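Source: prediction; values computed, not measured.
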Amino acid sequence: MNKENWKPGNMLYPVPAVMVSCQRPDERPNIITVAWAGTICSDPAMLSISVRPERYSHSIIKETGQFVVNLVNHDLVFATDYCGVKSGRDVDKYKEMNLTPLSSQKIAAPGIAESPLNLECQVTQIIPLGSHDLFLARILGVTVDRQYMDEKGKFHLNDSGLVAYSHGEYYQLGQKLGTFGYSVRKK
C-alpha cells in the first residue's frame, strides 16, 4: 500500500451541510452553516452541533437554548455557503439570501421554509471542547416539505437533492448503493 501519515486532524468526511437558525427575542433571526452536526440518540430523539464560541450564533444558541437544524438541498447550496462565511452581526442572512423564516411549533426560533426538513431543537447540555463547544439537543419537532410526500404518506427525503460537505467542497448525494441490512438479507 502506498499510504502517507499526517498529523491528527478532522478528516471524517463527507458530513451533512446544514443551516442552523436561531433567534433572540425581539431581534432578527440568524443562520449559521454547520458541517459538524450529527445524530446522537434515537430515544429520546437527539442531535449535536459544534460551534466556535466566537461565532455570532453561539451566544444566541447558548442564551436561548434553542435552534433549528435545516437540511440543505441543491437549491440551498449558495445560501448555505453564504451563511457560513458572512456574520449575522453584519448582515440579515434571511433577507440577503431571500429565505423565508418558518414559524416553529415547539420553540421560538424559526426554521427556513425553503429547507426540505426542519428539526426544532432544545439544548440539553453544552460541552466546551477546545476550538468548538458541543451543543447536545433534544429534537422537539420535525417539519417536512409536502412536495416529497407520496400519496401513501411516505416521506422521500432522498428525492430532495440533499447536500454533503467534504474537505471544503459541496456535493449533491446521488446514486443509491444499497439499503440498511442488504448485506445480510436472504436472496
Side-chain angles (χ1 to χ4, degrees), residues 10-23 28-40 42 45-52 55-58 60-61 66-88 90-107 109-123 132-149 154-177:
N10 294 312
M11 297 293 289
L12 183 61
Y13 291 117
V15 293
V18 299
M19 292 193 289
V20 174
S21 49
C22 54
Q23 184 177 20
R28 72 173 183 245
N30 190 51
I31 304 166
I32 181 174
T33 298
V34 173
W36 294 355
T39 299
I40 58 171
S42 56
M46 294 182 72
L47 58 77
S48 69
I49 61 171
S50 291
V51 181
R52 289 182 179 272
R55 297 293 298 263
Y56 178 65
S57 293
H58 182 282
I60 298 171
I61 295 168
Q66 300 179 341
F67 60 89
V68 180
V69 172
N70 304 276
L71 295 192
V72 172
N73 62 13
H74 61 283
D75 293 338
L76 291 171
V77 173
F78 186 85
T80 300
D81 187 67
Y82 181 90
C83 291
V85 297
K86 291 289 189 175
S87 175
D90 307 321
V91 297
D92 181 339
K93 296 178 189 181
Y94 276 92
K95 181 179 176 186
E96 292 297 317
M97 292 293 101
N98 295 312
L99 297 172
T100 310
L102 175 70
S103 293
S104 293
Q105 301 302 305
K106 304 286 184 179
I107 64 171
I112 299 170
E114 292 77 8
S115 172
L117 185 130
N118 319 89
L119 302 166
E120 300 174 22
C121 300
Q122 179 71 49
V123 175
H132 289 68
D133 286 353
L134 181 70
F135 290 86
L136 304 180
R138 266 198 150 135
I139 301 168
L140 301 181
V142 178
T143 304
V144 301
D145 190 328
R146 286 190 188 114
Q147 74 174 304
Y148 303 110
M149 300 289 291
K154 183 176 179 183
F155 184 53
H156 295 273
L157 180 59
N158 292 327
D159 293 343
S160 71
L162 291 174
V163 170
Y165 180 81
S166 183
H167 203 60
E169 300 175 321
Y170 303 96
Y171 292 91
Q172 182 174 326
L173 301 181
Q175 181 181 5
K176 179 171 78 172
L177 302 176

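Contact of the P14 side chain with the Y171 side chain is not registered, since no non-hydrogen atoms from C-beta on lie closer than 4.5 Å. Between T80 and Y165 there is no side-chain heavy-atom pair separated by less than 4.5 Å. Annotation: side chain of D75 is not in contact with side chain of E114 (no heavy-atom distance under 4.5 Å). Contact check for L47 versus V69: side-chain heavy atoms found under the 4.5 Å cut-off. Residues N10 and L12 form no side-chain contact, since every pair of their non-hydrogen atoms from C-beta on lies 4.5 Å or further apart. Taking the side chain as every heavy atom from C-beta outward, L173 and N158 never approach each other to under 4.5 Å. For the pair V20/I61, a side-chain contact is recorded, criterion being any heavy-atom separation below 4.5 Å from C-beta on.
Side-chain atoms of R28 never come within 3.5 Å of backbone atoms of Y94 as a donor-acceptor pair (strictly under, hydrogens ignored). When atom types are taken as modelled, the side chain of N70 and the backbone of G111 share no donor-acceptor pair closer than 3.5 angstrom.
Remark: D145 CG to L157 CG distance equals 10.0 Å, nearest 0.5 Å. Once rounded to the nearest 0.5 Å, the distance linking CG of L102 with OG of S115 reads 9.0 Å. Distance check, rounded to the nearest 0.5 Å: CG of L71 to CG of L162 gives 6.0 Å. Residue S104 holds its OG atom at 11.5 Å from CZ of F67, rounded to the nearest 0.5 Å. Between I60 atom CD1 and Q66 atom CD the span is 12.5 Å, to the nearest 0.5 Å. Rounding to the nearest 0.5 Å gives a distance of 5.0 Å between OG of S21 and CD1 of I112.
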>> side chain to side chain contact (heavy atoms under 4.5 Å, CB included) for L119 and L117? Distances and angles first, verdict last.
In response: CA-CA 7 Å; L119 302 166; L117 185 130; 3.5 Å; yes
> Run the side chain to side chain contact (heavy atoms under 4.5 Å, CB included) check on T143 and E120 step by step: do they pass?
Replying inline: CA-CA 8 Å; T143 304; E120 300 174 22; 3.9 Å; yes
> Where do K93 and L99 land on the side chain to side chain contact (heavy atoms under 4.5 Å, CB included) test, with the steps shown first?
Replying inline: CA-CA 8 Å; K93 296 178 189 181; L99 297 172; over 6 Å; no
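The shortest non-hydrogen separation linking C83 to M19 is SG-SD, 4.3 Å. Closest heavy-atom contact between V68 and A109: CG2-O, 3.6 Å. Of all the heavy atoms in Y148 and D159, the pair that sits closest is CE2-O, 3.8 Å. Nearest heavy atom pair, residue N73 against residue P116, reads ND2-CD, 3.9 Å. Of all heavy-atom pairs spanning I32 and R55, the tightest one is CG1-NH2, 3.6 Å. Nearest approach of L134 to S50, heavy atoms of both residues: CD1-OG, 3.4 Å.
Under 3.5 Å, the side chains of N30 and S57 contain a donor-acceptor pair of N or O atoms.
More than 12 heavy atoms of other residues, nucleotides or ligands shown are found within 6.0 angstrom of CD on E96.
A perpendicular orientation is assigned to the rings of H167 and Y13, their planes being inclined by more than 60° (bins at 30° and 60°).
With sequence neighbours left out, the side chain to side chain contact (heavy atoms under 4.5 Å, CB included) criterion links K95 to D92.
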